[in-house]
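Can you read through this structure? Questions will come right after.
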Amino acid sequence: MQKLEPDQAFWLTAPHIYTLVTSLDVHGKPNVMGVSWVTRTPFSPPLMLVSIGHTRYSHTGIAEHQEFVIHYPSREQAQAAWLCGTLSGRDGNKIEKVGLELIDSQVVKVPTIKHVTVAFECKLISQLETGDHTVFVGEVVATSGNPNKAEHLYDTADKGLFALDQNGKAKFCD
Ligand SMILES: Cc1cc2nc3c(=O)[nH]c(=O)nc-3n(C[C@H](O)[C@H](O)[C@H](O)COP(=O)(O)O)c2cc1C
């Protein structure tokens, strides 16, 4: 073991699960961003949290509309998913640009991304300011997914994404 700077220590925690979060912007238009700071909390009631930077275009939309959908994208969506974490919806319609398909959600107004492994529709119930990010806590009000496609994307310390299935089989994505 050696003494590490916090940034180096955080870098060592990669890979992280990589999700896509949809929201509505201030004009009511759908947007999507890549989020790896995400987790379920607690067992009951079903709640999930995401940590969103203050500078993200999605931040304003989530705070305004109080709804978001968390998606675990599939391997075929890796390229589009990566772009969602590098482009901003502030500069145009990101969803159209990256070629993701949207469908109506079951409960919330924010749309769900089609063909993902699993999607959690959330209503904002609480938020916590943590430095330059806000932790948004959502109650899961509806879920959908593809049980035959349990494959998730992980980020490799900023070098890209790889997919991992539930048997631990990894596949790198171009
Ligand atoms: C691998 C990866 C993980 C990311 N995780 C987060 C995150 O947890 N929270 C966050 O605020 N931004 C995260 N981002 C950055 C946003 O996805 C990125 O700034 C995006 O352009 C924001 O889009 P928006 O401006 O349309 O909201 C991540 C990006 C990548 C590539």
Side-chain angles (χ1 to χ4, degrees), residues 6-41 47-102 105 108-113 116-122 124 126-138 140 151-164 170-174:
D7 275 351
Q8 214 181 351
F10 285 128
W11 178 82
L12 268 181
T13 66
H16 306 118
I17 190 84
Y18 183 72
T19 67
L20 293 178
V21 172
T22 50
S23 55
L24 295 178
D25 74 3
V26 286
H27 310 291
K29 295 256 158 39
N31 188 32
V32 58
M33 69 176 284
V35 172
S36 57
W37 293 354
V38 55
T39 189
R40 170 188 187 168
T41 175
L47 304 178
M48 291 185 82
L49 62 83
V50 285
S51 179
I52 307 291
H54 292 164
T55 59
R56 315 302 188 216
Y57 188 55
S58 304
H59 187 284
T60 326
I62 294 173
E64 170 141 342
H65 295 282
Q66 315 244 305
E67 290 183 347
F68 53 96
V69 182
I70 303 171
H71 310 76
Y72 287 67
S74 56
R75 182 160 52 105
E76 302 84 63
Q77 294 173 314
Q79 215 175 4
W82 182 254
L83 287 173
C84 292
T86 54
L87 304 172
S88 178
R90 204 178 271 116
D91 305 321
N93 188 333
K94 197 196 299 190
I95 293 168
E96 215 170 77
K97 224 178 273 178
V98 305
L100 288 172
E101 221 178 309
L102 299 178
S105 292
V108 300
K109 289 198 190 77
V110 177
T112 291
I113 300 168
V116 296
T117 297
V118 63
F120 297 90
E121 297 179 28
C122 296
L124 184 66
S126 175
Q127 66 188 71
L128 174 72
E129 294 309 317
T130 55
D132 54 13
H133 278 54
T134 302
V135 173
F136 290 111
V137 182
V140 177
E151 209 173 46
H152 309 115
L153 300 180
Y154 287 78
D155 77 83
T156 54
D158 296 334
K159 289 194 191 71
L161 297 171
F162 72 91
L164 194 61
K171 288 174 194 142
F172 280 85
C173 307
D174 299 328

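Numbering of residues begins at 1 and proceeds along the displayed sequence. The model shown is predicted, which means the values in this text are computed figures rather than measured ones. First listed ligand is number 1; within each ligand, the first listed atom is number 1.
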> Which of the atoms in ligand 1, numbered in the order shown and given with their element, are less than 4.0 Å from a heavy-atom of Tyr57?
Replying inline: 24 (P), 25 (O), 26 (O), 27 (O)
>> My understanding is that we take every heavy atom of each candidate and find the minimum distance to atom 14 (N) of ligand 1. Doing that for Ser58, Gly85, Gly34, which one comes out nearest?
In response: Gly34
> Is His133 touching ligand 1 with its side chain, its backbone, both, or neither, if touching means heavy atoms under 4.0 Å apart?
Replying inline: side chain
> How are the rings of Phe136 and Phe68 set to each other: parallel, tilted or perpendicular (split at 30° and 60°)?
Replying inline: tilted
>> Using the rule side-chain contact (heavy atoms from CB on, under 4.5 Å), only one of Thr19, Ile113, Val21, Thr22 pairs with Val69; which is it?
In response: Thr22
> Which pair of heavy atoms, one from Leu124 and one from Gln127, lies closest together, and at what distance?
Replying inline: CD2-OE1, 3.5 Å
> With respect to Glu121, which candidate in Thr112, Ile70, Val110 satisfies the side-chain contact (heavy atoms from CB on, under 4.5 Å) definition?
Replying inline: Thr112
N/O donor to acceptor pairs below 3.5 angstrom from side-chain atoms of residues 26-38, sequence neighbours left out:
unit_1	atom_1	unit_2	atom_2	d
Asn31	ND2	Ser58	OG	3.4

>> Minimum distance, heavy atoms only, to atom 26 (O) of ligand 1: which one of Gly160, Gly89, Ala14 is it?
In response: Gly89
> Would you say Cys84 touches ligand 1, if touching means a heavy atom closer than 4.0 Å?
Replying inline: yes
>> If you measure every N or O of Asn31 against every N or O of ligand 1, does any of those distances drop under 3.5 Å?
In response: yes
> In terms of atom number and element, which parts of ligand 1 are under 4.0 angstrom from non-hydrogen atoms of Trp82?
Replying inline: 1 (C), 31 (C)
> Going by the order shown, which atoms of ligand 1 are within less than 4.0 Å of some heavy atom of Ser51?
Replying inline: 7 (C), 8 (O), 9 (N), 10 (C), 11 (O)
> Which one of Thr86, Thr156, Asp155, Leu87 has a non-hydrogen atom at the shortest distance from atom 21 (O) of ligand 1?
Replying inline: Leu87
>> Considering both backbone and side-chain atoms of Ile52, is one of its nitrogen or oxygen atoms within less than 3.5 Å of a nitrogen or oxygen in ligand 1?
In response: no
>> Between Thr134 and His59, do the side chains contain a donor N or O and an acceptor N or O under 3.5 Å apart?
In response: yes
> ligand 1 versus Val38, non-hydrogen atoms closer than 4.0 Å: side chain, backbone, both, neither?
Replying inline: neither
> In terms of heavy-atom contacts, does CG of Asp7 have more than 12 from other residues, nucleotides or ligands at under 6.0 Å?
Replying inline: no
> Given Gly92, Ser88, Gly53, which has its nearest heavy atom closest to atom 25 (O) of ligand 1?
Replying inline: Ser88
>> Between Leu20 and Val116, does the side-chain contact (heavy atoms from CB on, under 4.5 Å) criterion hold? Intermediate values first, please.
In response: CA-CA 10 Å; Leu20 293 178; Val116 296; 5.7 Å; no
> Do any nitrogen or oxygen atoms of Trp37 come within less than 3.5 Å of a nitrogen or oxygen of ligand 1?
Replying inline: yes
> For ligand 1, which part of Lys94 has a heavy atom less than 4.0 Å away: the side chain, the backbone, both, or neither?
Replying inline: side chain
> Is atom NZ of Lys97 surrounded by more than 12 heavy atoms (other residues, nucleotides or ligands) closer than 6.0 Å?
Replying inline: yes
